[in-house]
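Just so you know, these numbers use all the heavy atoms, side chains as well, and skip hydrogens, waters and symmetry mates. Order of listing sets the numbers, starting from 1, for every ligand and every atom in it.
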Amino acid sequence: MQILVTGGAGFIGSHTVVELSQAGFTPIIVDNFSNSEKKAIAGIEHILGKSAPYYDANCNDEVAMRRIFEQNSIGGVIHFAASKAVGESVENPLKYYENNLGSTLLLLRLMGEYGIKNLVFSSSCTVYGQPDSLPVTEETPRQEAASPYGNTKRICEDFIRDLVHSGALLKAISLRYFNPVGAHESAAIGELPIGTPSNLVPYLTQAAAGIRPKLTVFGNDYNTPDGTCIRDFIHVVDLAKAHVKALQLLNGIDSDNYHEVFNVGTGEGVSVMQLIETFEAVNQVKLNYSVGPRRPGDIEQIYAQVEKVNQIMGWKSEKTLEDSLRDAWRWQLQITNNK
Ligand code: WQD
């Protein structure tokens with residue numbers, strides 16, 4: 001079955017393309033390479049040992065997207081393509097609303113026109129804001145997102161939910177990711193932040209590789225055991241496999257009208273300091289870091305309750321934090337040494 005993977009050259013997208021192919025699907029990538037590189041395609045092909053067909057196109061471009069639907073017999077869509085920098089979204093909300101909402105609306109319209117019924121949407125735990133109780137379940141009330149980026153994820157979830165509830169011929173799953181980290185064990189694909197990374201692990205591995213002078217820990221005065229923020233860090237390959245499981249679940253649904261939301265995390269909360277210490281221990285590397293002020297907009301702690309995805313989708317994370325940090329470091333060394 002052909003699966004259109006928007007944003008398929010990105011961090012999570014590229015890992016999902018690999019897992020889709022290895023599970024017997026035929027992924028077709030569409031990516032405008034605004035936040036990814038063509039070398040991700042080469043990495044995918046290296047792992048799979050075959051070509052990875054892709055379209056260099058913008059998901060907001062109706063002519064281009066219509067051509068893709070015309071030229072293929074798509075059986076399902078995984079929609080990753082989105083602008084995703086939290087900080088940038090605060091400075092440039094229009095870009096985020098136009099890109100993230102526009103591409104989703106266009107996709108939903110074209111799927112209806114071409115009779116494509118299976119959709120997996122890339123959402124985020126950011127829709128929960130700072131939850132009142134932990135771990136968060138799918139029933140935990142979503143809160144006003146701390147950023148326009150987070151708002152676009154919440155609004156797109158609602159687009160999809162309301163379209164299914166209207167009776168459309170659509171089976172859709174929204175996956176709320178926690179913090180994706182790590183890289184494929186081959187080090188052929190991984191996270192390729194453009195410019196200065198805003199996320200913890202790519203910044204940390206760049207600091208450890210000497211690309212950055214040091215890592216700054218954004219605050220250690222939170223109300224947590226060691227004072228640093230707590231997150232649910234999930235290996236990107238485990239997350240990629242959750243998308244395959246979601247598609248398989250949709251394929252097994254008899255009715256043509258279905259909607260569900262799933263948390264996709266490990267279910268474990270890990271602090272920034274615990275992650276740093278684990279990185280140093282598992283890679284035998286001393287990291288230069290210091291504690292600085294809190295980063296505005298950061299929530300104190302969040303981690304997932306994962307019973308629903310375990311029981312309904314039959315998925316659970318298998319890789320450990322050590323695996324994630326070992327794979328992230330191997331990937332960093334690979335890209336540093338092959339610059
Ligand atoms: C994690 C922790 C920082 C950098 C965001 C989005 C989320 C998803 C993942 C897209 C925080 C601390 C970080 C650094 C640090 N993105 N940190 N020094 O903010 O939890 O989630 O990225 O889908 O939607 O909201 O991830 O990696 O930026 O931060 O101390 O140099 O690491 O304060 O506590 P975050 P992050």
Side-chain angles (χ1 to χ4, degrees), residues 7 10-13 15-16 35-36 79-90 96 99-100 121-131 136 142-154 156-157 174-182 191 193 195-208 211-224 226-236 239 243 263-266 269-279 287-304 321 324-325 328:
F11 176 37
I12 306 167
H15 288 82
T16 302
N35 193 25
S36 54
H79 184 34
F80 291 107
S83 302
K84 63 157 207 159
V86 172
E88 183 195 32
S89 78
V90 175
Y96 277 69
N99 184 34
N100 296 3
F121 174 65
S122 164
S123 190
S124 168
C125 64
T126 200
V127 302
Y128 294 114
Q130 174 58 69
V136 287
R142 295 178 302 170
Q143 295 191 32
E144 191 58 40
S147 69
Y149 159 75
N151 233 3
T152 66
K153 288 301 180 184
R154 174 194 168 111
C156 288
E157 281 191 6
S174 285
L175 299 180
R176 290 176 182 162
Y177 310 155
F178 283 71
N179 287 60
V181 292
E191 198 161 7
T196 306
S198 63
N199 290 141
L200 174 64
V201 171
Y203 199 104
L204 183 156
T205 58
Q206 288 188 8
I211 297 168
R212 309 277 167 200
K214 69 176 172 119
L215 169 73
T216 302
V217 174
F218 295 144
N220 67 351
D221 58 349
Y222 286 95
N223 183 23
T224 61
D226 64 20
T228 63
C229 293
I230 291 173
R231 294 291 186 273
D232 184 332
F233 297 102
I234 175 173
H235 196 295
V236 64
L239 181 55
H243 292 77
N263 286 339
V264 186
T266 66
V270 169
S271 78
V272 172
M273 271 319 299
Q274 285 173 317
L275 185 141
I276 290 170
E277 288 157 4
T278 305
F279 176 84
L287 179 69
N288 183 17
Y289 67 90
S290 65
V291 178
R294 293 183 175 192
R295 178 172 69 175
D298 273 339
I299 61 169
E300 179 176 275
Q301 49 185 311
I302 188 167
Y303 51 94
L321 179 67
S324 296
L325 297 174

In the protein, which heavy atom is nearest to [atom], and how far is it?
atom	value
atom 19 (O) of ligand 1	R295 NH2, 3.1 Å
atom 35 (P) of ligand 1	N179 ND2, 3.5 Å
atom 24 (O) of ligand 1	S124 OG, 2.9 Å
atom 25 (O) of ligand 1	V86 CG2, 3.6 Å
atom 18 (N) of ligand 1	T216 O, 2.8 Å

Out of [options], whose heavy atom is nearest to [atom]?
atom	options	value
atom 20 (O) of ligand 1	R231, K214, Q206	R231
atom 2 (C) of ligand 1	T126, V181, V272	V272
atom 9 (C) of ligand 1	V217, D232, N199, D298	N199

If you measure from each non-hydrogen atom of [X] to ligand 1, which part falls under 4.0 Å: side chain, backbone, both or neither?
X	result
Y177	neither
T228	neither
L204	neither
L200	both
S198	backbone
R294	neither

[Y] backbone acceptor or donor facing [X] side chain under 3.5 Å:
X	Y	value
K214	L287	no
E300	Q130	no
R294	D221	yes
Y96	A85	yes
S271	T228	no
D232	T266	yes
N288	A207	no

Check whether any heavy atom of Y149 sits under 4.0 Å from an atom of ligand 1. yes
Under 6.0 Å between the ring centres of H15 and F80? no
Heavy-atom side-chain contact between L321 and L275 under 4.5 Å: yes
Criterion side-chain hydrogen bond (donor to acceptor under 3.5 Å, both in side chains) against S123, the qualifying member of K153, E157, R176: E157
Distance check, rounded to the nearest 0.5 Å: Y128 atom OH versus Q143 atom CD? 11.0 Å
Any non-hydrogen protein atom less than 4.0 Å away from atom 15 (C) of ligand 1: yes
If I apply the N/O under 3.5 Å rule, does F218 come out as touching ligand 1? yes
Should you measure from each heavy atom of C229, which atoms of ligand 1 turn up under 4.0 Å away? 34 (O)
